[in-house]
Amino acid sequence: ALRAFTSAARDDLAATDIRLSMISPGAVETEFSLVRFKGDEQQAAKVYTDYAKMVAADIADNVVYIITRPPHVQINDLIVSSVHQSGAKPPT
């Protein structure tokens with residue numbers, strides 16, 4: 001649904017100088033796992049063991065990349081994941 005919304009919005013904005021990008025991150029270590037496991041820090045930490053995880057700063061760096069492109073360049077979709085992650089799920 002988000003991809004369809006982004007695509008439709010980009011179509012609507014095509015005649016303007018407004019750029020619209022979508023970042024699709026893989027597993028990023030954030031407080032989400034702590035919330036997901038209801039405050040269980042050990043369980044939350046297990047989600048990110050045994051592989052090189054990304055952190056919020058990695059995604060922020062991608063935001064900086066997108067917004068610093070020349071005004072005539074639009075990054076439509078940026079798919080980012082850990083080098084050890086081949087798809088939506090963290091490696092097992």
Side-chain angles (χ1 to χ4, degrees):
L2 184 57
R3 187 172 308 280
F5 173 80
T6 304
S7 180
R10 196 174 293 116
D11 287 343
D12 292 343
L13 297 170
T16 73
D17 290 333
I18 297 172
R19 299 183 292 177
L20 182 63
S21 300
M22 185 169 97
I23 299 176
S24 302
V28 179
E29 185 176 26
T30 66
E31 68 280 353
F32 175 76
S33 287
L34 193 57
V35 172
R36 176 180 169 204
F37 294 110
K38 299 177 177 35
D40 185 335
E41 291 181 14
Q42 289 180 335
Q43 189 69 22
K46 286 181 185 178
V47 173
Y48 307 105
T49 57
D50 299 328
Y51 72 100
K53 63 190 175 287
M54 292 189 299
V55 295
D58 296 321
I59 305 308
D61 182 59
N62 286 280
V63 172
V64 171
Y65 173 77
I66 288 170
I67 65 175
T68 57
R69 298 306 86 208
H72 67 283
V73 174
Q74 173 170 277
I75 306 297
N76 290 347
D77 194 1
L78 192 58
I79 301 171
V80 184
S81 65
S82 164
V83 68
H84 298 128
Q85 188 178 7
S86 64
K89 291 184 176 183
T92 55

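One is the number of the first residue; the rest follow in order along the sequence. Heavy atoms only: backbone and side chains are in, while hydrogens, waters and symmetry mates are out.
Grouping the Ile, Leu, Val, Met, Phe, Trp and Tyr side chains by contacts below 4.5 angstrom, directly or via other members, places V28 with V63. No continuous path of ILVMFWY side-chain contacts below 4.5 Å connects I75 to L13, so the two sit in separate hydrophobic clusters.
Screening L78, T6, I79 for a side-chain contact (heavy atoms from CB on, under 4.5 Å) involving M22 leaves a single residue, T6.
D77 CG to R3 CZ: the interatomic distance, rounded to the nearest 0.5 Å, is 4.5 Å. Distance NE2/H84 to OH/Y51: 10.5 Å, rounded to 0.5 Å. Distance CZ/R69 to OG/S21: 11.0 Å, rounded to 0.5 Å. Taken to the nearest 0.5 Å, the OG atom of S82 stands 12.0 Å off from the OH atom of Y48.
Atom CG of D17 sits in a sparse spot, with 12 or fewer heavy atoms from other residues, nucleotides or ligands closer than 6.0 Å.
Counting heavy atoms from C-beta outward, I23 and I59 have side chains that approach closer than 4.5 Å.
Between the side chain of E29 and the main chain of K53, no donor-acceptor pair closer than 3.5 Å is present. Looking at R36, its side chain never comes within 3.5 Å of a backbone N or O of A44 through a donor-acceptor pair.
Minimum heavy-atom separation, R19 to Q74: CA-OE1, 3.2 Å.
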